[in-house]
Amino acid sequence: MQQVINAVYEDGVFKPVGKFKAPHRKHLKLIISEPTHNLQSVKPLSGIVDLAKFCPDTDVSVNHDLYLYGENPL
């Protein structure tokens, strides 16, 4: 199984950023690459802001449950 784990290298040790579980003394293969962006400055929703700015359907948030689950709680 392949996973991507963000890590920081400090004092000669790779320290995962966030939770990571593996058996004690498990041998793993690390492939090192630098991120293309600063993880501290990432704003996850910045890419979708104004995505539907000119969309004629303006009721998306009002009918959120209807579109996702096929039912309207109101």
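- Listed by chain and residue number, E10 satisfy the side-chain hydrogen bond (donor to acceptor under 3.5 Å, both in side chains) test with K15 (two or more places apart in sequence, or in another chain).
- Here the closest heavy-atom approach between residue I5 and residue P16 is recorded as CG2-CB, 4.0 Å.
- Residues forming a side chain to side chain contact (heavy atoms under 4.5 Å, CB included) with I32 (at least two apart in sequence, or on another chain): F14, L30.
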